[in-house]
Amino acid sequence: MENINWKEFGFGYTKTDYNVRCHYRDGKWGELEVSSSDQINVHIASTGLHYGQQAFEGLKAFKGPDGKVRVFRIDENGKRLQSSSHGIMMAEMPLDLFREAVIKAIKLNERWIPPYESGASLYIRPVLFGNGAQVGVKASEEYTFVVFVMPVGPYFKEGFKPTDYVIYREYDRAAPQGTGIYKVGGNYAASLRGGSRAHAEGFSAVLFLDAKEKKYIDECGPANFFGIKDNTYVTPKSNTILPSITNKSLCQIAEDLGMNVERRPITVEELSDFSEAGACGTAAVISPIRKIVDADNNIEYKYGEEAGERSFKLYETLRGIQYGIVEDKHNWNTIIEF
Ligand code: PLP
Ligand code: COI
């Protein structure tokens, strides 16, 4: 991609050359298919369309300064898609098939993988949905899986510059025993109203609280939350948040860097005890938090105009591993052979 301005990419859709598909019918998965179209056939009575039987994933591939392309923790995403599928009664995709589809989609779009110097990466979006007709509320017997890729820059346009988040108690993204731990579209639909108000009011995202008591921190829009207290990385334990693979990796990196790690419920008041705070996820990477505004109580929790020292070290190590600059001692990367 000879004339591409890699620095222009934010987190919008870009059509690339090919996507990979797979269909499940008669109780089994078919062969992987390659398509150059970004349209798909959806049954008018599909459960994906009517009853939200749908889940997706998000992962990234990075081109390092050594020219190698690495995908980060692909099997973790495969397992999470299985968990989401189980959660809403969709056919589960075998890990090997998921892996093969993702790698195929990356290889077929090699020219779209951003060069190291650009700071951009290749975002991979697998999606699975019920595509068989069902008008009663029942699980589909047919499923369609698609994986497409696109070059992306930062999710929040400020990148590693700290931004502001907001607490509004009138919106919940997930119910206490609901689907918050699954990566299903319904959670994102439920987050749209709060998210769009947050944007209109100058915030990056909503910091959601637990829906039951509105007492504990859940997560930051499309990312998990962490705070730093002395030498400790603290992140919410909750059964209504997405188990973030980035967060799980940061917990390990924090430990490797000699920090303590606590995964436990975090009350809203505890926000004042942190010296640094951030949102983390595949798209968000680490997006440091400048301040959190509790809009219902007119309280502000402030963390500074620049990212803190520990957030920076965590960010640098995570990116370093992903780009092949820091030793991948936990074997998180899969190197793609072209
Ligand atoms: N929380 C939500 C709601 C998300 O959509 C994401 C993105 O995937 C995350 C957290 C971060 O998860 P991961 O680090 O696995 O991308
Ligand atoms: C990701 O971080 O991969 C996400 O899926 C977040 C968002 C774009 C939905």
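Both ligands and their constituent atoms are indexed starting at 1 by order of listing. In this chain, residues are counted from 1 in sequence order. In what follows, every heavy atom counts, from backbone to side chain, and hydrogens, waters and symmetry copies are set aside.
- The nearest protein atom to atom 5 (O) of ligand 1, hydrogens excluded, is given as Tyr188 OH, 2.4 Å; this is a heavy-atom distance.
- The atoms of ligand 1 that sit less than 4.0 Å from any heavy atom of Gly221 are 3 (C).
- Near Asn224, with a cut-off below 4.0 Å to any heavy atom, the atoms of ligand 1 are 1 (N), 10 (C).
- A donor-acceptor pair shorter than 3.5 Å cannot be found between the side chains of Arg173 and Tyr171.
- Between Ile245 and ligand 1, a contact under 3.5 Å exists for at least one N or O pair.
- In Ser244, the parts holding a heavy atom less than 4.0 Å from any atom of ligand 1 are both the side chain and the backbone.
- Looking at Thr240 and Ser238, their side chains do bring a donor and an acceptor atom within 3.5 Å of each other.
- Listed by chain and residue number, nothing satisfies the ring-ring contact (aromatic ring centres under 6.0 Å, His included) test with Tyr303 (two or more places apart in sequence, or in another chain).
- Around ligand 2 you find Phe11, Phe56, Gly58, Tyr123, Arg125, Tyr155, Lys183, Tyr188, Pro222, Thr282, Ala283, each with a heavy-atom distance below 4.0 Å.
- In summary, the atoms of ligand 1 found under 4.0 Å from a heavy atom of Lys183, numbered by their order in the structure, are 4 (C), 5 (O), 6 (C), 7 (C), 8 (O).
- The environment of Glu141 atom CD is sparse: at most 12 non-hydrogen atoms of other residues, nucleotides or ligands sit within 6.0 angstrom.
- From the protein, the heavy atom lying nearest to atom 9 (C) of ligand 1 is Pro222 O, 3.5 Å.
- Between the side chains of Asp66 and Tyr323, not a single donor N or O lies within less than 3.5 Å of an accepting N or O.
- Side-chain polar atoms of Glu142 and Asn131 form no donor-acceptor pair below 3.5 angstrom.
- For the pair Arg197 and Tyr168, the cation-pi test (distance below 6.0 Å, angle within 45°) is passed.
- The pair Arg264-Glu270 counts as a salt bridge, with a side-chain nitrogen and a carboxylate oxygen less than 4.0 angstrom apart.
- Distances below 4.0 Å separate heavy atoms of Ala223 from the following atoms of ligand 1: 1 (N), 2 (C), 9 (C), 10 (C).
- Considering only non-hydrogen protein atoms, atom 16 (O) of ligand 1 sits nearest to Thr282 OG1, 2.5 Å.
- The N/O atoms of Glu219, backbone and side chain alike, include one that comes under 3.5 Å of an N/O atom in ligand 1.
- Here the options are Glu316, Glu276, Glu306, the test is side-chain hydrogen bond (donor to acceptor under 3.5 Å, both in side chains), and the partner is Ser311; only Glu276 passes.
- A salt bridge is defined here as a Lys NZ or Arg NE, NH1 or NH2 lying under 4.0 Å from an Asp or Glu carboxylate O, and Glu57 with Lys183 fails to meet this definition.
- Not a single heavy atom of Ser191 sits less than 4.0 Å from an atom of ligand 1.
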* To do: Would you please test Leu207 and Leu271 for side-chain contact (heavy atoms from CB on, under 4.5 Å) and show each step?
  => CA-CA 11 Å; Leu207 182 59; Leu271 289 176; 4.3 Å; yes
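- In this structure, Glu57 falls outside the shell of residues with a heavy atom less than 4.0 angstrom from ligand 1.
- The shortest N/O to N/O separation between Arg173 and ligand 1 does not fall below 3.5 Å.
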